[in-house]
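Data first, discussion second: the structure below is written as structure tokens.
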Amino acid sequence: MSVQANAPRLSSQERARRRYLTDRAIVNLFIWPTLILLIAINLFPLFYSLYLGFTDYSAIARQVPVWVGFKNFSDILNDQQMWKYFATTGKYALASVGLQTLLGFALAMLVREKFRGSGLLTTLILIPMMISPVVVGLFWKLMYNPTFGFFNYLLGFTNPSTGPDMLASRFAGKVVPNLALWAVVLVDVWMWSPFVMLLVLSGLKAIPDYLYEAAAIDRASSWFQFWRITLPQVAPLLLIAVLFRTIEAFKAFDLVMGMTGGGPGDQTELIAVNLYRQAFLGQWRTGRASALAYIVLIIIIAVSNLYIRYLNKMRGES
């Protein structure tokens, strides 16, 4: 009893400080183990795959990786077939991102003004990007089906007079374009144009009304208002949307695998699809696939830096 009486009494501030330290210790106890686990889960595969890129290794060979240096990178860069896949990926990214930018901007301008049913229309436009890409790929694969597909019905391919034989005779001696790649591009545009629309719409909502009021007082035309007010104000967000979609286009895999699997032939063999084919699907060339993955990573980083530099320049000028 005397010991308790002689014990120094803590002030309210000291008690609060000790309680704060205790709470902080509890927070660290919960946060740091999770943070360390997430870092380990992300960093270990990153560095281990980089190491495998310099080795001759197969995940099913039951042999230790054999160090080969830059041989995998050299073989990939000297393979003409791989350059064809890179070219196909570039065409896919350029076509899909370009069309998404134009269509997304147009949709944002359409739903910008409030009108009856605008909320319902916006919700319907956003539905495609909420669906899983694999489901979208299988859904459109059925629509493209040559036997009972909806598109063939619209094009009249179910009519015997316009069947495959008749079409082949009409296109004899002519160059038929790569329609399979454009079919995948169409689906990607249908799915991700709403994403571009959302970012552009947020930029349009942030434009002050007094800018348009001042332009109207000066009797500026609609085209002048769009070119001098709307586009410069929305350009940073539009460029961010283009950056995100370009990165995803270079990594496109699930949509293509769900629709074509890289076919027919290699018309839709994007680099991500070929990477998966080398790593799995009977080849199991783990070392070469890891090297290819880092080449794709370097390309994405380079393209992203170009976008970011242009975005910073645009912000500096504004």
Using atom types as modelled and distance alone, determine if a side-chain donor or acceptor of [X] lies under 3.5 Å from a backbone N or O of [Y].
{"X": "Y92", "Y": "L270", "result": "no"}
{"X": "N72", "Y": "T55", "result": "yes"}
{"X": "S193", "Y": "W190", "result": "no"}
{"X": "K205", "Y": "R112", "result": "yes"}

Exercise for the section: Would you mind listing every side-chain hydrogen bond (donor to acceptor under 3.5 Å, both in side chains) that reaches into residues 273-299, with sequence neighbours excluded? Expected result: S49-Y294, D79-R288, E269-N274, E269-R277, N274-Q278, Q278-R288
Report yes if some heavy atom in the side chain of [X] is under 4.5 Å from a heavy atom in the side chain of [Y]; otherwise report no.
{"X": "W140", "Y": "V184", "value": "no"}
{"X": "M82", "Y": "L292", "value": "yes"}
{"X": "M129", "Y": "L198", "value": "yes"}
{"X": "S304", "Y": "I247", "value": "yes"}

Please answer: with hydrophobic residues joined when any side-chain heavy atoms are less than 4.5 Å apart, are [X] and [Y] in the same cluster?
{"X": "I271", "Y": "I301", "result": "yes"}
{"X": "M191", "Y": "M130", "result": "yes"}
{"X": "V64", "Y": "I60", "result": "no"}
{"X": "W32", "Y": "L43", "result": "yes"}
{"X": "L52", "Y": "F44", "result": "yes"}

Exercise for the section: Might you confirm whether atom CZ of F70 has over 12 heavy atoms from other residues, nucleotides or ligands at distances under 6.0 Å? Expected result: no
Exercise for the section: Starting from V66, walk the hydrophobic network (Ile, Leu, Val, Met, Phe, Trp, Tyr; side-chain heavy atoms closer than 4.5 Å) and list everyone else you reach, by chain and number. Expected result: none
Problem - Transitive ILVMFWY cluster of L138, excluding itself - 4.5 Å side-chain cut-off - result: V134
As an exercise, state the distance from [atom1] of [X] to [atom2] of [Y], rounded to the nearest 0.5 Å.
{"X": "M197", "Y": "S202", "atom1": "CE", "atom2": "OG", "value": "10.0 Å"}
{"X": "Y51", "Y": "L46", "atom1": "OH", "atom2": "CG", "value": "16.0 Å"}
{"X": "F86", "Y": "I299", "atom1": "CZ", "atom2": "CD1", "value": "4.5 Å"}
{"X": "M259", "Y": "T268", "atom1": "CE", "atom2": "OG1", "value": "8.5 Å"}
{"X": "I39", "Y": "N42", "atom1": "CD1", "atom2": "CG", "value": "8.5 Å"}
{"X": "K71", "Y": "I76", "atom1": "NZ", "atom2": "CD1", "value": "10.5 Å"}

Practice task
Step by step, work out the side chain to side chain contact (heavy atoms under 4.5 Å, CB included) result for L142 and F150.
Solution key: CA-CA 8 Å; L142 295 176; F150 182 71; over 6 Å; no
Which atom pair, heavy atoms only, marks the closest approach of [X] to [Y]?
{"X": "G258", "Y": "K141", "value": "O-CD, 3.6 Å"}
{"X": "F250", "Y": "A272", "value": "O-CB, 4.5 Å"}
{"X": "L77", "Y": "W83", "value": "O-NE1, 2.6 Å"}
{"X": "P33", "Y": "N28", "value": "CD-O, 3.6 Å"}
{"X": "F253", "Y": "V273", "value": "CD1-CA, 4.0 Å"}
{"X": "L199", "Y": "L237", "value": "O-CD1, 3.5 Å"}

For residues 116-128, please give each side-chain donor-acceptor pair under 3.5 Å, one per line with the distance, not counting sequence neighbours.
unit_1: S118; atom_1: OG; unit_2: F115; atom_2: O; d: 3.0
unit_1: T122; atom_1: OG1; unit_2: S118; atom_2: O; d: 2.8
unit_1: T123; atom_1: OG1; unit_2: G119; atom_2: O; d: 2.9

Problem - Pair L275-F280, side chain to side chain contact (heavy atoms under 4.5 Å, CB included): steps then yes or no - result: CA-CA 8 Å; L275 193 156; F280 308 102; over 6 Å; no
Exercise for the section: Could you tell me how the ring of F73 sits relative to the ring of F54: parallel (under 30°), tilted (30 to 60°) or perpendicular (over 60°)? Expected result: tilted
Acceptor/donor pairs from residues 222-235 side chains to any protein atom, 3.5 angstrom cut, sequence neighbours excluded:
unit_1: Q225; atom_1: NE2; unit_2: A220; atom_2: O; d: 3.3
unit_1: T230; atom_1: OG1; unit_2: Y212; atom_2: OH; d: 2.6

Taking distance alone, no hydrogens or angles, what donor-acceptor pairs closer than 3.5 Å link side-chain atoms of residues 98-111 to residues at least two apart or in another chain?
unit_1: Q100; atom_1: OE1; unit_2: R245; atom_2: NE; d: 3.0
unit_1: Q100; atom_1: NE2; unit_2: D188; atom_2: O; d: 3.4
unit_1: Q100; atom_1: NE2; unit_2: D188; atom_2: OD2; d: 2.5
unit_1: T101; atom_1: OG1; unit_2: V97; atom_2: O; d: 2.7

